[in-house]
2 protein chains.
Amino acid sequence: MSAHPDAPRSRRERPAKPALTRAGIVTTAVALVRSEGLQRVTMRRLAQELDTGPASLYVYVRNTAELHAAVLDELLGSVDLAPVRATGDWTDRLVQILTSYTAVLFEHPGLAQSALVARPSGERYLDLLEALLALLAAGGVPADRAAWAVDLLLQFATATAAEHAGRGADRPAGEEWDALATALRDVAADTRPHLAAQGTGLLSGAGGARLVWGFRVLINGFLHTPRPDAVAPAADGPA
Amino acid sequence: MSAHPDAPRSRRERPAKPALTRAGIVTTAVALVRSEGLQRVTMRRLAQELDTGPASLYVYVRNTAELHAAVLDELLGSVDLAPVRATGDWTDRLVQILTSYTAVLFEHPGLAQSALVARPSGERYLDLLEALLALLAAGGVPADRAAWAVDLLLQFATATAAEHAGRGADRPAGEEWDALATALRDVAADTRPHLAAQGTGLLSGAGGARLVWGFRVLINGFLHTPRPDAVAPAADGPA
DNA sequence: ACCTGAACACCGTTCAAGT
DNA sequence: ACCTGAACACCGTTCAAGT
């Protein structure tokens, strides 16, 4: 089948096993995430890809969580932040950036799950935070409220993406898995009237429409909801 | 050390290995979650607790995800739904129920994580949905909007609880792990002015206050935000 | 027919020992 | 001093073989 059977390592077919560096590890991990999905990016699989043993990775990466965070930050480089410096209604531009962020996470729901538990803190994530804060400031949102608002917006976007983990490529796409849909179809109208009235309508609506509606709810919400501790915004609050 | 060394199985010290049933498995799993935490409730560990091999569990439980869902539904039995039928402002009562739901999940953040990915569909969860829908109906929220609103409220509560997975008992409690706090302290004011101005204030605020503020934001938000497809509420929407 | 021992195909992380 | 082979302590899930 092949003219060139895999030669032993002595022949220099691969780039002669490049020296391990943190950057190299992360780059390889990103490539692996893109080609095989997050669930294949394990310490052992990654080590194999780098032609070494898993123990060697621990010299550069503290653990799996940190690796995932690094990969996510890399991917966040493709979030479109241009709307910050564009013209037009600031809430529309806010929704655009958040939609772009969500789109990136939608391609890697497993990373969204990680991000929910281990908050990212890389350069690309800081850029995203800065962009969102700039837009909220432009919109006249008080700084103390903006701090909590960005958190809420990103949490919603991240959680929405994370929800899609589990049903990846292989899964039969909502055929058997959606136990909730089945449960809702069989709800007894006498004991749970409101649920019965909603039926599976509870699950209706295209993902995109629900997402944008969610962003709008949050924006309208925080514009109408001052922080409970509304005093002068201090840089360092007590605890 | 002990007067009664563990006798061989022939002596009936244990309840003679009760027959396996789905209910029995779930009950044992719940007990195990309470005593040792979710991360210890693996198919193998659970089988060991039930004095059998892991393969036997698969007769009653499809997989780990389904097991987790069953355990969660059991725990949701302790969510306080009484405020539905109480008096007083409906939004306050809504916040009370949601706070109770969040409190339950806070004790088992790992289950919150599962719930985010595999939507629950058990009896206790349906009760919760019914209660929330009843309250929204009482508040005069249009049914179509209420459907999306409960989703949003529960997603926020669940995601907030899920964020606490990972830092359990063992972790040094935010000493080294919080890389974001460190990153925020070192932000350069010239390149990221808004972030620098916020500083670690971005992370400030007691969890309880932020949670309630979040609920209020969502409530004020959906009260001000009609669904984009606002027509007559149909039981079965298109796709 | 029902149940399960044993195997398959993996994991993350550590550390003693090598270079 | 730096790196890593090998081990430790686990996983979920399947299926051929038993009762």
Side-chain angles (χ1 to χ4, degrees), chain A residues 9 14 16-26 28-29 32-33 35-71 110-111 113-114 117-118 165-172 176-177, chain B residues 9 14 16-26 28-29 32-33 35-71 110-111 113-114 117-118 165-172 176-177:
Chain A
R9 267 162 252 158
R14 294 199 181 202
K17 192 182 178 182
L20 282 185
T21 61
R22 192 187 150 95
I25 290 171
V26 173
T28 305
L32 209 47
V33 166
S35 63
E36 306 191 15
L38 185 68
Q39 66 284 129
R40 291 268 163 275
V41 186
T42 62
M43 289 303 219
R44 294 178 104 104
R45 179 78 181 72
L46 182 56
Q48 178 188 312
E49 202 73 10
L50 289 162
D51 226 336
T52 182
S56 305
L57 301 182
Y58 285 84
V59 177
Y60 306 95
V61 170
R62 197 191 305 274
N63 51 39
T64 306
E66 197 192 286
L67 176 68
H68 286 180
V71 168
L111 284 177
Q113 245 186 311
S114 302
V117 173
R167 38 220 202 274
D170 52 340
R171 203 72 85 255
E176 183 75 82
W177 80 262
Chain B
R9 267 161 252 158
R14 294 200 181 201
K17 192 181 178 183
L20 282 186
T21 62
R22 191 186 150 95
I25 290 170
V26 173
T28 305
L32 208 48
V33 166
S35 63
E36 307 191 14
L38 185 68
Q39 66 284 132
R40 291 269 164 273
V41 187
T42 63
M43 289 304 218
R44 295 177 104 103
R45 179 75 181 76
L46 182 56
Q48 177 188 312
E49 202 73 10
L50 289 163
D51 226 335
T52 183
S56 306
L57 301 182
Y58 286 83
V59 177
Y60 306 96
V61 171
R62 197 191 306 276
N63 52 39
T64 306
E66 197 192 285
L67 176 68
H68 285 181
V71 168
L111 284 177
Q113 246 187 310
S114 304
V117 173
R167 38 217 202 274
D170 50 341
R171 203 72 86 257
E176 183 75 80
W177 79 261

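Keep in mind that what you see is a predicted model, and the values were worked out from it rather than measured. Each chain gets a letter, A, B and so on, in the order the sequences are listed, and its residues count up from 1.
Side-chain atoms of B:V41 and B:E36, non-hydrogen and from C-beta on, never get closer than 4.5 Å to each other.
When the P atom is compared between C:dC10 and D:dA9, the two are found 23 Å apart, to the nearest whole Å.
Considering CG of A:L50 and CZ of A:R45, their distance stands at 10.0 Å, rounded to 0.5 Å. If you take OG on B:S114 and CD on A:Q113, they are separated by 8.5 Å, rounding to the nearest 0.5 Å.
Distances shown here put every side-chain N or O of A:T52 at or beyond 4.0 Å from the OP1 or OP2 atom of D:dC3. Residue B:T42 places at least one side-chain N or O closer than 4.0 Å to OP1 or OP2 of D:dC11. B:S56 has no side-chain polar atom (N or O) that falls below the 4.0 Å cut-off from OP1 or OP2 of C:dC3.
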For this session: Convert the base pairs of DNA chain D into dot-bracket notation, remembering that pairs crossing earlier ones are written with [ ] and that bases paired across to another strand are shown as |; include only Watson-Crick or G-U pairs under 3.5 Å.
Result: ||.|||||...|||||.||
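Whole-Å rounding puts the B:R40 CZ to D:dA9 C1' distance at 10 Å. Atom OH in A:Y60 sits about 19 Å away from atom P in C:dG12, given to the nearest Å. Between the P atom of C:dG12 and the CG atom of A:L46 lies a distance of 10 Å, rounded to the nearest Å. Taking atom CG of residue B:L57 and atom P of nucleotide D:dT14, one finds them 13 Å apart after rounding to whole Å. Following rounding to the nearest Å, B:I25 (CD1) and C:dC3 (P) show an atom-to-atom distance of 10 Å. Atom NE2 in B:H68 sits roughly 12 Å away from atom C1' in D:dC11 (whole-Å rounding). A straight line from CD of A:Q39 to P of C:dA9 spans 19 Å, rounded to a whole angstrom. Remark: C1' of D:dC11 and CZ of A:R44 are 11 Å apart, rounded to the nearest angstrom.
The 5' end of DNA chain C is approached more closely, in terms of each residue's nearest nucleotide, by A:R45 than by the other of A:A55 and A:R45.
The closest donor-acceptor contact from the side chain of A:R44 to the backbone of A:P54 lies at 3.5 Å or more, if one exists at all. The backbone N or O of B:I25 lies less than 3.5 Å from no partner atom in the side chain of B:Y60, so there is not a single donor-acceptor pair.
Considering every non-hydrogen atom in both A:H68 and A:L111, the closest pair reads O-CD2, 3.7 Å.
Nearest nucleotide to the B:Y58 side chain, out of D:dT14, C:dT14, D:dT4: D:dT14. Nearest nucleotide to the A:M43 side chain, out of D:dC3, C:dT4, C:dT13: C:dT13.
Using a 4.0 Å cut-off between charged side-chain N and carboxylate O, B:E49 and B:R40 make no salt bridge.
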